[in-house]
Novice: 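I'd like to ask you about the structure that follows.
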Amino acid sequence: MVFYTCGPNEAMVVSGFCRSPPVMIAGGRVFVLPCVQQIQRISLNTLTLNVKSEKVYTRHGVPISVTGIAQVKIQGQNKEMLAAACQMFLGKTENEVAQISLETLEGHQRAIMAHMTVEEIYKDRQKFSEQVFKVASSDLVNMGISVVSYTLKDIHDDQDYLHSLGKARTAQVQKDARIGEAVAKKDAGIKEAQAMQEKVSAQYVNEIEMAKAQRDFELKKAAYDLEVNTRKAESDLAYQLQVAKTKQKIEEQKVQVQVVERAQQIQLQDQEISRKEKELEAKIKKPAEAERYRLEKLAEAERMKLITEAEAEAEAIRVKGEALAYAVEVKARADAEQMAKKAEAFQEYQDAAIVDMLLEKLPEVAEAISKPMTEVKKIKMISSGGSEVGASKITGEVLDILNRLPDTVEKLTGININQAGHKKPGRMS
């Protein structure tokens with residue numbers, strides 16, 4: 001299978017196996033089977049024909065020669081016309097197709113010339129061209145050819161018939177020209193005399209009008225001069241008045257300018273005072289307030305520090321005192337157990353003797369409780385105003401610890417020291 005293409009100015013015709021009727025492609029492509037199918041080409045180019053008809057007798061028997069120019073082509077867009085053209089011209093060259101078309105057009109041109117006079121052809125070329133185009137187109141369409149255009153190029157003869165027609169017309173034109181010239185000269189003389197008369201009349205009228213115009217001019221000039229002088233005097237007075245008003249306005253504007261300048265100076269002074277106040281506030285007042293605030297915060301921090309330290313030391317003292325009291329309590333309990341054992345051994349040992357032994361140990365207990373106070377090097381005391389302050393506060397706390405000893409002894413031994421202290425102890429046997 002072979003692939004063929006052609007341009008828009010050419011048509012392909014494929015015939016043979018499976019191509020009945022033949023396929024016609026104008027400006028396209030097609031596949032062809034070699035040996036069993038055949039491809040042929042036909043040109044669709046426009047052909048220019050120079051149609052000459054020599055010495056053709058017209059309707060009145062006058063021989064003339066006519067030359068026309070025609071543009072023809074095979075119509076590829078119309079399938080019926082392309083099929084007709086393929087039947088008639090397939091395998092022929094462009095020259096052969098052009099020759100056939102030329103002979104057909106020439107025959108129709110000669111036929112149209114024979115039915116018209118020389119004057120009709122010469123004067124109305126458009127009508128002759130339209131008739132040839134119409135008749136030739138209807139005939140060439142049957143061959144698949146369309147006439148694109150036809151124009152009459154030239155007409156001539158060997159008998160000077162066309163020249164004679166031109167001479168007669170030229171003579172008539174020259175005659176008409178001479179008559180027209182004479183009439184024109186006569187009319188020109190009459191009109192010249194009339195023009196001269198009108199000229200003189202117009203001159204007189206013009207002089208009269210000029211005199212009137214001069215008079216009117218002088219009168220109007222006097223009136224205009226009076227009006228101009230009046231207006232000039234008024235203008236001078238108005239000018240002087242306007243000068244005085246302008247000077248007054250200038251003085252007023254100067255005063256206003258001075259007022260504005262003074263107001264601007266006052267405003268600048270106010271701004272300078274405000275700036276200095278802000279500068280003073282920024283450089284002195286604000287730093288002073290900041291320093292005062294810093295000192296207040298430092299004092300507050302120092303006060304809180306002292307309170308915290310005092311509370312911490314007081315708490316430490318209280319804890320130490322409780323620890324010592326607990327130690328004394330434990331020691332007393334141990335002594336009580338020892339004394340209980342001794343009581344078992346010495347059944348005759350009296351309560352008074354027990355109390356006496358306890359009283360002998362009290363100074364040691366008090367010394368043990370107050371001993372931590374002797375170790376303190378510095379005490380800071382801060383009061384909120386609701387209790388005692390100073391040494392009495394610390395002494396009171398120590399005495400409070402000592403006041404708890406009788407209760408502790410009573411819990412351990414069952415003996416109330418406060419009551420037993422009024423009895424005289426007996427001797428052990």
Side-chain angles (χ1 to χ4, degrees), residues 6-13 24 26-27 40-167 169:
C6 65
N9 63 334
E10 191 178 22
M12 296 183 295
V13 180
M24 294 171 291
Q40 293 175 289
R41 299 176 183 268
I42 184 169
S43 175
L44 303 179
N45 290 326
T46 300
L47 304 175
T48 300
L49 306 178
N50 194 7
V51 185
K52 293 183 178 180
S53 299
E54 300 288 343
K55 297 180 180 180
V56 178
Y57 287 93
T58 62
R59 189 171 62 183
H60 290 165
V62 179
I64 61 172
S65 299
V66 173
T67 303
I69 301 297
Q71 306 286 340
V72 299
K73 72 184 296 294
I74 295 174
Q75 187 59 257
Q77 301 300 322
N78 191 316
K79 296 296 182 182
E80 294 180 357
M81 292 180 67
L82 181 60
C86 290
Q87 291 177 2
M88 299 191 68
F89 304 115
L90 196 62
K92 296 183 181 298
T93 64
E94 285 188 1
N95 292 331
E96 292 175 338
V97 175
Q99 185 62 33
I100 294 171
S101 302
L102 177 62
E103 291 176 356
T104 303
L105 277 169
E106 185 180 356
H108 289 297
Q109 182 173 275
R110 295 174 72 90
I112 298 300
M113 291 171 62
H115 287 84
M116 297 181 69
T117 64
V118 178
E119 288 79 1
E120 290 174 345
I121 297 173
Y122 182 74
K123 293 180 180 180
D124 195 352
R125 295 189 176 195
Q126 182 67 26
K127 180 180 178 181
F128 176 77
S129 299
E130 289 177 354
Q131 289 188 4
V132 174
F133 179 83
K134 182 178 179 181
V135 174
S137 295
S138 62
D139 196 6
L140 290 173
V141 163
N142 296 328
M143 294 187 292
I145 298 174
S146 64
V147 180
V148 179
S149 66
Y150 173 84
T151 56
L152 182 60
K153 180 180 179 181
D154 181 41
I155 302 174
H156 65 277
D157 69 300
D158 297 335
Q159 306 296 328
D160 292 335
Y161 184 84
L162 296 175
H163 185 64
S164 299
L165 290 177
K167 283 184 177 181
R169 180 60 183 165

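From a predicted model like this one, the values you see are computed outputs, not experimental measurements. Quick note: numbers below take in every heavy atom, side chains included, and nothing from hydrogens, waters or symmetry partners. Along the sequence shown, residues are numbered consecutively beginning with 1.
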Novice: Are the side chains of Ile155 and Arg125 in touch, meaning some heavy atoms are under 4.5 Å apart?
Specialist: yes

Novice: Just so I know, are the side chains of Val72 and Val97 near enough to count as touching, which here means a heavy-atom distance under 4.5 Å?
Specialist: no

Novice: Quick one: closest heavy-atom pair of Met113 and Val56, and the distance?
Specialist: CE-CB, 3.4 Å

Novice: Should Leu44 and Ile74 count as side-chain neighbours, where that means a heavy-atom distance under 4.5 Å?
Specialist: yes

Novice: Atom CD1 in Ile64, atom OG1 in Thr117: separation rounded to 0.5 Å?
Specialist: 9.0 Å

Novice: Keeping the roles fixed (side chain from Ser138, backbone from Val135), state whether a donor-acceptor pair exists under 3.5 Å.
Specialist: yes

Novice: Under 3.5 Å, is there a donor-acceptor pair linking the side chains of Glu106 and Ser53?
Specialist: no

Novice: Is the closest side-chain heavy-atom distance between His115 and Gln131 below 4.5 Å?
Specialist: no

Novice: Would you indicate whether the side-chain heavy atoms of Val66 and Leu152 approach each other to under 4.5 Å?
Specialist: yes

Novice: Atom CD in Glu94, atom OG in Ser101: separation rounded to 0.5 Å?
Specialist: 11.0 Å

Novice: Measure across Arg41 and Leu90 and return the closest heavy-atom pair with its distance rounded to 0.1 Å.
Specialist: O-CD1, 4.2 Å

Novice: Please assess Leu105 against Leu140 for the test side-chain contact (heavy atoms from CB on, under 4.5 Å), listing each intermediate value before the final yes or no.
Specialist: CA-CA 9 Å; Leu105 277 169; Leu140 290 173; 4.2 Å; yes

Novice: Which heavy atom in Met143 sits nearest to a heavy atom in Phe89, and how many Å separate them?
Specialist: O-CE1, 3.3 Å

Novice: Just by distance, do the side chain of Ser65 and the backbone of Lys55 share a donor-acceptor pair under 3.5 Å?
Specialist: yes

Novice: Roughly how far, to the nearest 0.5 Å, is the CD atom of Glu120 from the CD1 atom of Ile112?
Specialist: 11.5 Å

Novice: Can you tell if the side chain of Asn50 reaches within under 4.5 Å of the side chain of Ile69, non-hydrogen atoms only?
Specialist: yes

Novice: Might you point out which heavy atoms bring Asp157 and Pro63 nearest each other, and give the distance in Å?
Specialist: CB-O, 3.5 Å

Novice: Are Glu96 and Thr93 close enough, and set up right, to give a side-chain contact (heavy atoms from CB on, under 4.5 Å), and what steps lead you there?
Specialist: CA-CA 5 Å; Glu96 292 175 338; Thr93 64; 3.3 Å; yes

Novice: Measure across Gly68 and Tyr150 and return the closest heavy-atom pair with its distance rounded to 0.1 Å.
Specialist: CA-OH, 3.8 Å

Novice: Are any non-hydrogen side-chain atoms of His108 and Thr104 less than 4.5 angstrom apart?
Specialist: yes

Novice: Looking at Leu82 and Gly76, what are the two nearest heavy atoms and their distance?
Specialist: CD2-O, 3.9 Å

Novice: Quick check for you: to the nearest 0.5 Å, what is the distance between Lys134 atom NZ and Asp139 atom CG?
Specialist: 14.5 Å

Novice: When rounded to the nearest 0.5 angstrom, what is the spacing between NZ in Lys73 and OG1 in Thr48?
Specialist: 12.5 Å

